[in-house]
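Only one structure is covered here, and it is reproduced in the block below.
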Amino acid sequence: MQDGCTGNLYFYGFETPDMSIIEQVQQHAIECLKALYQGDFTEKDFQVNQTKPEFRGDYTVVLFSLVKSLKLSPDEIGQKLGAEMARRHPDTYLGFNIIKGFLNLEISDAYWVQVLEKNFDDVCFGKHPMNGKKVMVEYSSPNTNKPLHLGHLRNNFLGWSVAEILKANGYEVWKSSIVNDRGIHICKSMIAWKLFANGATPASTNTKGDHFVGDYYVRFNDEYKKQVAELMDSGQTEDDAKKNAPIMLQAQQMLVDWEKGDPEVLALWKTMNQWVYEGFDITYKNIGCDFDIVYYESNTYLLGKDLVKKGLEDGVFYRREDGSVWIDLAGEGLDEKLVQRKDGTSVYITQDIGLAQQKYDQYKIDKSIYVIGDEQNYHMKVLQKICEKMRMPFAADMHHLSYGMVELPSGKMKSREGTVVDADDMVKEMEQVAENKTLELGKVGDFTESERLELYHTIGLGALKFFLLRVDPKKKMIFNPEESIDFHGFTAPFIQFNYARIRSILRKNEIPKAFEQPATLLPLERELLLSLEKYPVIIRQSAQELNPSLLAIYAYQLAKTFSSFYAEHSIASAESHDKKRLRLMLASMTAQVIKSALQLLGISVPERM
RNA sequence: GGUCCGGUAGCUCAGUUGGAUAGAGCAUCAGCCUUCUAAGCUGAGGGUCAUUGGUUCGAAUCCAAUCCGGAUCACCA
C-alpha cells in the first residue's frame with residue numbers, strides 16, 4: 001500500500017528531486033575549488049556541517065583537510081572559496097566568515113523563503129520518487145504459545161516503521177511475518193490445556209485467546225517444575241529429573257504425534273492456534289501493525305530440504321558418517337554448522353534457507369530485511385554465509401536488522417517466570433496515563449466520549465511507540481515500569497502537542513495571498529526553516545541506516561524549535577501582513593512535517609489535545 | 001575459552017566516514033500564563049566520554065592493551 005506520495009511525482013530521467021542545501025553547498029564548493037585550484041575535488045575531500053549556534057552562519061565547510069594538498073593556510077583557502085561561492089551563487093549565499101579553519105556560510109533569506117513558498121503545503125515534502133526496487137521486511141514473527149510482550153512491541157514498531165520509511169524512499173515494500181506455529185513450545189501449552197482445562201475456552205472464561213493459551217504455557221512450566229522437584233526428592237539427579245518429568249515426556253510425545261499427523265493432536269493444535277490468532281489480531285489492530293504476507297512455519301518447515309541436496313551435490317555441504325549434513329564455516333570465522341539431522345529431518349536454519357529462496361522466487365525482491373533480536377546475530381550470520389556459499393543471487397542483499405533486548409531494571413524479561421510486561425496491558429496503561437493527564441489539564445470538556453477515547457489512544461500509544469523507537473535499534477534498552485513513560489520533553493505527546501497548537505491557529509487563520517515585499521528572517525524563523533529543509537535528508541538517512549530513531553530525534557528537535565519560536569513570536573498577530581503570512585506558512589509546514597515524520601513512526605497526531 | 005555488541009551528566013539516551021567550548025530529556029534549583037493550547041518557554045547547577053598507551057594540526061569517534069556488562073558458540077526454535 002503506497003501513500004500516493006511516491007508514485008507519480010517524477011518521470012524517471014526527466015526530473016530529479018531538488019538537492020538539499022547541504023548537498024548544494026557541497027557541489028558549489030567542489031565547483032569553486034576546481035575553478036580556483038584546477039584539481040579534482042570530491043565530497044570526500046572536505047566536510048560540510050551545520051554551523052554551531054555560537055557562530056554566525058548556517059552551514060560550514062571544514063577546511064583543514066584541504067590544507068595539505070593545496071599547501072595553503074586554512075584562512076587563505078577559506079577567503080578565496082567563500083568569495084568565489086558568494087560570487088557564483090549570489091542568490092544562495094548572503095555572506096561568510098572564517099574562524100579557525102572553518103568557513104561559515106550564511107544562506108540568504110531569499111533562499112529560505114523560496115524553500116518555504118515551494119513546499120509549505122506539499123503533503124509529500126521529504127518523500128522520494130519510486131526507485132523501482134522491491135524489498136521485503138520480515139518482522140513480528142511471533143510464537144503462538146504466549147501473548148506479545150514489550151520486547152515484541154519493539155520488534156513490531158521497528159519493523160513497521162522501517163517498512164514505511166523504505167516506502168517513503170521509493171521502494172516497493174512487502175511486510176511479512178513468519179508465524180512460529182509448531183514445535184515443542186506449542187505442545188507444552190496443548191498438553192497443559194488437556195490436563196488442566198476441563199474443556200475451558202477463551203469464550204467460556206472470557207479471556208483473550210492469546211492470553212488464554214499463554215496461561216497454559218505458564219501452567220505447564222509450573223507443573224514441570226513441581227514434577228522435577230518431586231523426582232529429585234526421590235533421588236534423581238537434576239538432569240535426569242528434567243528429562244523424565246512425565247509432563248515433559250507427554251509434550252514431546254505430542255510433538256511426535258503432530259509430525260505423524262495424528263488427527264486428534266492436529267485438531268487441538270488448530271483450535272488453540274486459532275484462539276491465539278484471534279487474540280493477536282486484536283493486538284495488531286490496536287497497535288497499528290499490518291502484514292502483506294503471513295508465512296506459517298507449519299507450511300515452511302520442510303522447505304530447504306531440496307537445497308540441502310543441491311548443496312551436497314555442489315560440495316558446499318558434507319555428510320558425516322552418521323548421516324547428518326554439515327557446512328564448515330570455520331574459514332569465515334564461524335563454526336561447523338548442522339543443516340540436517342542424521343534422521344533426515346531439518347533444523348531451523350534449513351527452513352530459513354528455503355524460505356529465503358522462496359521469497360526471492362515468488363516476489364523477485366531486491367532486498368530482504370529481517371527484523372530479529374540481537375540474540376540471533378550468530379544465526380543470521382550463518383544463514384547469510386550459507387546462502388552466499390550456495391551462490392544464491394540474493395545472498396548479498398539479505399540484511400539482518402538486529403535490535404537489542406528490552407530489559408527491566410531487574411534484568412531480562414522471562415515469559416516462563418512471568419516477569420514480562422504484557423503488550424496489551426502496557427498499551428492499556430499508557431492510555432490510562434493519557435486519560436489521567438488529559439483530565440488533569442481539563443482540555444477536553446467539549447469532546448464526545450469517542451473523541452476522548454481516540455485521543456487517549458493516540459497519545460498513549462504514541463508515547464509508547466516513541467519511547468521504543470527513539471533509541472538506536474541496535475542498543476539494548478532499559479524500561480522501568482515503576483516510572484511510567486513521561487509525557488514531557490523528548491516524547492511523542494510533546495510533539496503531538498505542538499502539532500495541535502499549530503492546528504488550532506490554522507483553524508482560525510487563513511494564509512494570506514502573496515508577500516508585498518521580501519521578508520527578512522529573524523533567527524528563530526530561520527532556524528525553523530533550516531530544520532524543515534533537512535527533512536528529506538533525514539528520511540533518506542533513516543532508510544540507509546534502517547534506523548527510525550533518526551526520525552524520532554528529528555521530529556522532536558523540529559517540535560522543540562517550533563515551541564521556542566511559538567513562545568517568542570506571535571503568529572496570528574504578527575507585526576506585519578508579511579510576517580503573518582510568513583509565520584502561518586512556517587507553522588503550516590511545520591505541522592505538515594511533524595505529521596509526516598510521526599506517521600513514518602506509526603504515530604498519529606491529534607487535531608486538538 | 002572463541003566470536004560479536006556495548007560502557008558518554010544522578011537516571012534514560014543523542015553525538016563515531018576524526019573537527020570549534022561533548023548535547024537533549026527526566027530529576028534538582030530560579031524566573032515566566034489579562035495576548036495564537038503552560039503536555040510549554042527562559043536560565044542555573046551537574047562530565048576524568050570505563051582505564052592506559054598510540055596515531056596527528058586536531059580523538060568520545062581510529063588503533064592496541066586492560067577492566068566491567070551482555071549476547072552467542074545445541075542433531076532447541
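In what follows, chains are A, B, ... by sequence order, proteins preceding strands, each numbered from 1. Just so it is clear, the model here is predicted, and its values are computed rather than measured.
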Check: So do the side chains of A:F120 and A:Q592 get within less than 4.5 Å of each other, counting heavy atoms only?
Finding: no
Check: With a 4.5 Å heavy-atom cut-off, do A:P473 and A:L546 have their side chains touching?
Finding: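 No, every pair of side-chain atoms sits at 4.5 Å or beyond.
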Would you say [X] places a side-chain N or O within less than 4.0 Å of OP1 or OP2 belonging to [N]?
X      : N     : answer
A:K560 : B:C41 : no
A:T345 : B:C75 : no
A:R470 : B:U12 : no
A:H488 : B:G40 : yes
A:K100 : B:U21 : yes
A:K508 : B:U37 : yes
A:S570 : B:U35 : no
A:K443 : B:A39 : yes
A:R341 : B:C76 : yes
A:S504 : B:U37 : yes
A:Y348 : B:C75 : no
A:K52  : B:A20 : yes

What is the base-pairing partner of [N], counting Watson-Crick and G-U wobble geometry with both distances under 3.5 Å?
N     : result
B:G6  : B:C68
B:C32 : B:G40
B:A14 : none
B:G1  : B:C73

Item checked: B:C13, syn or anti by chi within 90 degrees of zero -> anti
Reckon [X] touches a base, only the sugar-phosphate, or nothing at all at heavy-atom distances under 4.0 Å?
X      : value
A:M609 : base
A:A572 : base
A:N509 : nothing
A:V471 : sugar-phosphate
A:Y556 : sugar-phosphate

[X] on top of [N]'s base, within under 5.5 Å and under 30°?
X      : N     : result
A:F102 : B:G19 : no
A:F64  : B:G19 : yes
A:F55  : B:A20 : yes

Next item on the list: Just say parallel, tilted or perpendicular for the rings of A:Y224 and A:F220, cut-offs at 30° and 60°.
Entry: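 Parallel: the ring planes of A:Y224 and A:F220 meet at under 30°.
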Next item on the list: For the pair A:Y556 and A:F490, name the ring-plane relationship: parallel under 30°, tilted 30 to 60°, perpendicular over 60°.
Entry: tilted
Check: Would A:S346 and A:V308 satisfy side-chain contact (heavy atoms from CB on, under 4.5 Å), going step by step from the backbone distance to the final call?
Finding: CA-CA 9 Å; A:S346 54; A:V308 169; over 6 Å; no
Does any donor-acceptor pair link the side chain of [X] with the base of [N] at a separation under 3.5 Å?
X      : N     : value
A:S324 : B:C75 : yes
A:T438 : B:A39 : yes
A:S549 : B:A14 : no
A:D486 : B:A27 : no

Next item on the list: Find the distance A:K475:NZ to B:U16:C1' and express it as a whole number of Å.
Entry: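 Computing the A:K475:NZ to B:U16:C1' distance gives 10 Å.
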Note to self: If you assign each of A:I571 and A:K44 to its closest nucleotide in RNA chain B, which residue comes earlier from the 5' end?
What the structure shows: A:K44
Item checked: Upstream residue (5' side of RNA chain B) when A:K68 and A:K342 are each assigned their closest nucleotide -> A:K68
Note to self: Under the criterion salt bridge (Lys or Arg N to Asp or Glu O under 4.0 Å), I'd like the reasoning laid out for A:D58 against A:R526: C-alpha separation, chi angles, the key distance, then a yes or no.
What the structure shows: CA-CA 9 Å; A:D58 300 312; A:R526 166 182 285 260; 2.6 Å; yes
Checklist line | Integer angstrom distance from the P of B:G10 to that of B:G45 | finding: 15 Å
Check: Can you list the steps and then say if A:D75 with A:Q79 is a side chain to side chain donor-acceptor pair (under 3.5 Å)?
Finding: CA-CA 6 Å; A:D75 236 49; A:Q79 289 296 347; 4.9 Å; no
